[in-house]
Amino acid sequence: MSYSLESIFNSASWAISNHSLALSKLQEQASTGQEINRPSDDSQQAYQILGLRDDVRSIEHYIDTMDIKLIPRLTTASIACQNITGMLADAKVAVTAASSTSDPAILAKEIDGLLEDILVQVNWSESRHNLFGGADSDTVPYVATRDSSGKITMVTYQGSTDDRKVEVAPGVEFSAVLIGDNLFKSDDRQSPVFMSADDSGNTRTGLTVGSGTQTVRGDITLTVTDLGGGTFRLSIDGGTSTVDVTAASGDVALTHADTGEVLYVDTSGITSGGTEYIRVPGTYDIFNVLINARDMLNNEDTMPSSEWNSMLNATLGSMTTVQTNISKTFPTIGGQIGTLTTLSDSLKEIKFNAENEISQLQDADIAQVAVELAQYGILYEMSLSVAAKLFSMSLMDFLE
Amino acid sequence: MSGLDIGISGLDAARQALEVVGNNIANASTEGYHRQDVIFNTKDDIYINGLFIGQGVDFASILRRYDTVLEKTIGVQESAIKQYGKELETLSMMETAFGDLSTDESGLISVMSKFYNALRDLSVEPTNTNLQYGVINAAKSMVYRFQSLGTELSNMESGLYSEALSVVDDINSLAQQVAQLNQKIYDAEVQGDEASNVVDQRDLLITRIKRLVGATTQEGDFGVVNVMVADMPIVLGTQYSELELQLLQNGDNYDFALAPKDSIFPRTDISGGELGGLFSLRNDILKTVADDLDTLALTVISEMNNLHVQGVGSEGSFTTLTGKTMTSTNVSDFVPPVTDGGVIQVRVTHADGSVTVDNITVNSTDTLATIAADFDAISGLDATVTANRLQITATDAADPNCTFDFIPVTPSTNSDTSGFLAAAGLNTFFSGTTAATMGITDYVSNLTDGIGHIAVSRTESMVDNENVLAMGKLGDTAVSGLGGLTPKEYYIQITTSIGSQIEGTKLKEESSQIVWNNLSQQRNESSGVDMNTEAVKMLTYERMFQAMAKYISVISQTMDTIMEITI
């Protein structure tokens, strides 16, 4: 079997080329620390690695959303709710002390101060994100209407009642906002109560609760002016808007010009003019309960003392109800924080496992690389040595 | 005197044999050279005194060691190796361009993730200006990556065309040379002369042709060889034909095709050699990757725009919207395609705060002008078409302060089932239809006026985040147009399919290389020059020459002796 120069050359160059290619690949693995540096190194593993890397990026983002944005906001909101509850407790103490003090106006001032503090709490914002504004987190959620002396007469919610969901895990959405109107307002509406009613239901003016959808909230002062001839002028907003009625008018709707709230009264038993103090249990929020308490302590409507005491007790009850309602937010918000924290921890574990898997798929076994480098290094040297030997030997060298 | 003739024949034979050996040794490293062996024949005997006496040796011929079947098989493997090598060259460039396993996270999958994550961030605080800038910047990075990949693939296509032209020129040049050598061989064979060296040169040229394109050969008379490429003759005897590279329209693309010059029957099924690799890349591999990338780009653009057109930004409803310049005003020509019979729901908020909702049905027979007329007919809106751009304005002599939008009246429904708004570029986020042409509309990307135009909301309250929440999920939402894969999964598939192709092509190249190595070894054994064997032959013929010279000397001495006797 003859062995031409070309055979020797082809064999030698093929062996040298193969071994140097293997060395080059091993050198790349050693310098990058990775076995898979490009998809063609192993396309199946590359597919898994790219997929896992993308999963890790998504998970990191979800974790950041929860840890950096949602949980801190909920924590701040929870603290605000705790502060509000504390302030309400202080207000209750003041109202309780009213019956035994000679100057309830001082207590009224204290409640006014608490009212202003609570307004600050509910309008708290973080990075220009209002905590209790619902989906409209740009707008200050609560706006106070003040009289000429700067005293708060009404607080209106102008935030959104819509929720805003964000994605915190694949296919999992979570509420990113708190809706103040839901948290700080009780919604256990009962029928309006005339404070002047006796056991038989007879009131000072003869008016009673009418049929219709009542939308008034909190305490209402109904003024009845006798116009003579059986005609009476009714108003629930101090005379801004009025309705003239007779006994034949039946059920009449009285609208508050500022709030738009409606009180239905039955005029069939109307007998005289006067002032009726009306409460609507289950409709108090933290603002109207304090405003009513403050105004009652100032006794601006000059209520008879028996009615004043009854109203005071009823107000205390309403404050307790409101306080209880706000306390219910603690487990709600706390539960949200707990859910997010647990989810965040789970995702961190998933991320850790994914990163481990990437490492197993992609990283090179450095010890093995070192051994193979030595092995192929020897083979490379042997190839060069054998080639040199073969090329150097020929019968021509021995001919004379 | 026959003794001297015998000596002379031996000397002559030995001398010529030494020349052949010398030629072998000289060409031991010449590419394409086949070993030549000497064939001696005994001269015819003569009958003298009842005996047949030999008359020496004849140098009969030179035998060129050539195995036709082996050579053809080696040629096939060389064609294959060259084709795979060419494919690997370009595939490796594509793999580097995509670069998704690199550590700097600059691959498209990484920037796509960042874009969709930026949208998710914005969903937490939709009116946050910094987060809106974040979305724009992330979008720009993604668009840039799409553009650079699309452009790079396009440049590769152009590069393949230039290279293919050059290869075809080389083939034509080699074919001409083969034809010329065929002529020389023919002339020599007809005259009975030896033409082994010329044959070797011709066969080497044919091997070079096979490295450039998959060619087949056919032996003709008097040593001539015909050469065909995909059944198209390029050398027929002593004549040659030139091939030319053509571009054959295939849908929206142009495929490589090869045909004899001025022929109207081009062939696209060219395989083997560098040209086979270029054809495979251009007509199949590169085209598939480019098409897949464009499909992905169009899907990303369409899915985002289909949501974006239905929403409003933090600036609220519109007073003016201007679409893009359309290449054709026929709705049936729009890209992405418009759904025939689809409906656009238009909400108009009038100065008195009242809201009216009108529906516009879009048919495939519509034009931009007819749709503009439909918008114009809506109370509170004016619509015009100028230079193939649709503009809708909320101005009306009777209602000068109204606004309009396309917010769905029924939540979670689609307010544009036709896709017209996205196709016409009205309130869209992305522009373009392919990877290379993808862009962001000025309407949202203008950082001075555009902030507040990202359509984050899609309810009447306009304080929600529903639209941006939905947009943020698009990267992980399966799309039927992508074979049921999400955009990110689809892209990973494109990238790893390139890797898979490279793996497969490398395996094929390696196995062809191994086969070629073995066949080459066989050829070297049968046709190669072994220096040791030639050295032995050289010694043998040298001794033969010396022996014949001695023989002649002895004959001469005997003749001298005879001459002395007679004197």
Side-chain angles (χ1 to χ4, degrees), chain A residues 1-11 14 32 34 36-44 46-51 53-54 57-58 60-62 64-65 69-70 127-129 133-139 159-167 170-171 173 176 362 393-396 398-399, chain B residues 28-29 35 91-92 95-96 98-103 107 109-110 113-114 116-117 120-121 123-128 314 459 461 463-466 469 472-473 476 488-489 492-493 495-503 506 513 517 520-521 524-525 527-533 535-536 538-539:
Chain A
M1 184 176 88
S2 65
Y3 210 61
S4 65
L5 270 179
E6 198 177 336
S7 299
I8 299 171
F9 172 77
N10 285 342
S11 296
W14 180 80
T32 61
Q34 291 178 345
I36 314 287
N37 287 289
R38 57 190 65 75
S40 58
D41 289 340
D42 189 326
S43 59
Q44 279 198 331
Y47 186 87
Q48 289 180 63
I49 291 166
L50 287 171
R53 272 199 195 168
D54 187 58
R57 272 191 287 265
S58 294
E60 276 175 350
H61 185 263
Y62 289 132
D64 284 347
T65 298
K69 294 193 175 114
L70 299 184
S127 306
R128 289 177 295 175
H129 169 92
D136 188 5
S137 56
D138 287 344
T139 306
S160 169
T161 53
D162 292 334
D163 197 2
R164 180 189 295 163
K165 301 271 190 205
V166 297
E167 204 179 20
E173 290 181 0
Q362 191 170 20
M393 287 174 10
S394 170
L395 181 57
M396 297 292 185
F398 298 97
L399 295 177
Chain B
S29 300
R35 189 182 73 247
L91 281 168
S92 297
E95 187 181 53
T96 305
F98 279 72
D100 281 279
L101 275 176
S102 64
T103 51
I109 184 73
S110 174
S113 292
K114 284 175 185 166
Y116 290 113
N117 283 345
R120 288 195 178 112
D121 282 341
S123 74
V124 179
E125 293 177 48
T127 58
N128 187 310
S314 47
T459 67
S461 67
V463 294
D464 65 294
N465 69 339
E466 284 188 29
L469 184 66
K473 294 178 185 176
D476 296 310
K488 287 193 268 182
E489 284 170 350
I492 291 174
Q493 191 178 69
T495 308
T496 51
S497 76
I498 295 172
S500 174
Q501 289 236 312
I502 292 175
E503 279 181 302
K506 269 186 186 167
Q513 188 72 48
N517 284 350
S520 288
Q521 184 64 29
N524 290 335
E525 286 168 16
S527 313
V529 175
D530 180 2
M531 298 299 266
N532 296 327
T533 307
V536 168
M538 195 166 63
L539 276 175

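Sequence lines set the chain letters: A, B, ... in the order given, protein chains first and strands last, and positions in each chain run from 1. Only this structure's heavy atoms are used, side chains among them; waters, hydrogens and symmetry mates stay out.
If you measure heavy-atom distances from A/D136 to chain B, the contacts under 4.5 Å come from both the backbone and the side chain. Neither the backbone nor the side chain of A/D163 comes within contact range of chain B, judged by heavy atoms closer than 4.5 Å. Of the two parts of A/S127, only the backbone, made up of N, CA, C and O, holds a non-hydrogen atom closer than 4.5 Å to a non-hydrogen atom of chain B. For B/E125, the parts lying near chain A are the backbone and the side chain together; criterion is any non-hydrogen pair under 4.5 Å. For B/D121, the parts lying under 4.5 angstrom from a heavy atom of chain A are both the backbone and the side chain. Residue A/S137: no heavy atom, backbone or side chain, is found under 4.5 Å from chain B. Contacts between A/I49 and chain B at a heavy-atom distance below 4.5 Å involve the side chain alone, from C-beta outward.
Using modelled atom types, one side-chain atom of B/N465 and one backbone atom of A/K165 make a donor-acceptor pair closer than 3.5 Å. A donor-acceptor pair is defined here as one N or O able to donate and one able to accept, closer than 3.5 Å; no such pair exists between the side chain of A/R38 and the backbone of B/L101.
Comparing B/S520, B/G472, B/S29, B/P126 by how many heavy-atom pairs each has under 4.5 Å with chain A, the most go to B/P126. Here B/V124 is the residue among B/D464, B/T459, B/V124, B/I498 with the most heavy-atom pairs under 4.5 Å with chain A. Note on B/L469, B/I502, B/T495: by heavy-atom pairs under 4.5 Å with chain A, the leading option is B/L469.
Each of A/R57, A/H61, A/R53 was checked for a side chain to side chain contact (heavy atoms under 4.5 Å, CB included) with B/S113, and the lone residue meeting it is A/R57.
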